[in-house]
Amino acid sequence: MSRDIQLKERWRVLVEKLSAQFADNDPLDLDAIIYLVGLQELGQIHRKFKKDEKLNLMHIAICRVLEPYGYYEFDYFDEDGWPHYTIKEELPALKAGEQSILMKEALVSYFVEKEYIT
């Protein structure tokens, strides 16, 4: 199976599984899945977040899933338990479609690592 076909299939499985678990089978989009990863990484899932905190959750998720690619490195947890990352390498200039593919690939890898999907 080619890498593109495998990514497409794994992404489909991931969206279906997360959508069933968190959205009554309404398909979650890329941003929603990034947000879920941020919640998972922060570990404070039973509280309300302000708008800026929701953006920070998405930032945490992006840093975490792109860490294996060498773009970010975990630095520390602050006094409120929020993880902080440092930039190791600037992200390349990518077109919107290329960004989407990179994020989908990184998210699939994250959920495979967590043994949520195979």
Side-chain angles (χ1 to χ4, degrees):
M1 185 180 305
S2 81
R3 196 172 137 238
D4 291 344
I5 293 171
Q6 184 182 36
L7 174 60
K8 193 172 188 174
E9 177 60 18
R10 282 179 163 174
W11 181 253
R12 183 192 63 74
V13 168
L14 177 61
V15 169
E16 284 180 4
K17 194 168 180 181
L18 288 172
S19 298
Q21 187 172 353
F22 296 104
D24 295 328
N25 288 317
D26 288 334
L28 294 173
D29 65 10
L30 183 62
D31 288 341
I33 294 171
I34 291 169
Y35 179 76
L36 287 174
V37 171
L39 283 173
Q40 172 71 27
E41 288 300 307
L42 181 62
Q44 300 176 16
I45 57 174
H46 298 295
R47 61 170 275 222
K48 295 278 187 192
F49 293 95
K50 298 174 186 164
K51 185 176 181 179
D52 62 325
E53 289 176 320
K54 290 178 181 178
L55 292 173
N56 288 337
L57 284 169
M58 294 180 78
H59 177 71
I60 289 168
I62 291 167
C63 291
R64 171 58 183 86
V65 301
L66 292 179
E67 184 179 22
Y69 292 77
Y71 296 113
Y72 296 95
E73 182 176 55
F74 173 75
D75 194 10
Y76 67 96
F77 288 102
D78 66 20
E79 64 277 354
D80 295 321
W82 289 72
H84 291 261
Y85 290 81
T86 55
I87 297 173
K88 284 180 63 179
E89 182 182 328
E90 291 291 329
L91 285 165
L94 299 172
K95 296 176 185 168
E98 294 169 328
Q99 284 179 355
S100 177
I101 290 169
L102 174 62
M103 288 308 302
K104 286 178 180 179
E105 185 179 279
L107 287 162
V108 163
S109 294
Y110 173 85
F111 282 101
V112 167
E113 174 192 316
K114 297 291 184 187
E115 298 180 351
Y116 186 75
I117 60 170
T118 58

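Treat the numbers as computed from the prediction; the structure is a model and nothing was measured.
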Non-hydrogen atoms of [X] and [Y] that approach each other most closely:
X	Y	answer
V65	A106	O-CB, 3.5 Å
E67	Y72	CG-O, 3.2 Å
E73	K88	CB-CD, 3.3 Å
P27	S19	CA-OG, 3.3 Å
T118	R10	O-NE, 3.2 Å
Q21	Y116	OE1-OH, 2.5 Å

| message | For the NZ atom on K51, are there more than 12 heavy atoms of other groups (residues, nucleotides or ligands in this structure) within a distance under 6.0 Å? | response | no

| request: Could you point out which residue of L18, D24, D26 forms a side-chain contact (heavy atoms from CB on, under 4.5 Å) with F22? | output: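 Going through the options one by one, the only one that passes is L18.
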
Spacing of [X] atom [atom1] and [Y] atom [atom2] [to the nearest 0.5 Å]:
X	Y	atom1	atom2	result
E9	L7	CD	CG	10.5 Å
L55	I60	CG	CD1	11.5 Å
I62	Q99	CD1	CD	9.5 Å

| field | Exam field: side chain S109 to backbone E105, donor-acceptor pair closer than 3.5 Å | value | yes

| said: Any side-chain to backbone donor/acceptor pair from Q44 onto F49? Under 3.5 Å, distance only. | reply: no

| request: Indicate the ring-plane relationship of F74 and F77, choosing parallel, tilted or perpendicular according to the 30° and 60° boundaries. | output: tilted

Check whether any side-chain heavy atom of [X] lies under 4.5 Å from a side-chain heavy atom of [Y], and answer yes or no.
X	Y	value
E89	Y69	no
E53	W82	yes
I87	Y71	no
I101	D4	no
F111	K17	no

Show me the donor-acceptor pairs within less than 3.5 Å that the side chains of residues 28-42 make with the rest of the protein, sequence neighbours left out.
| residue | atom | partner | partner atom | Å |
| --- | --- | --- | --- | --- |
| D29 | OD1 | D31 | N | 3.3 |
| D29 | OD1 | A32 | N | 2.8 |
| E41 | OE2 | Y110 | OH | 2.6 |

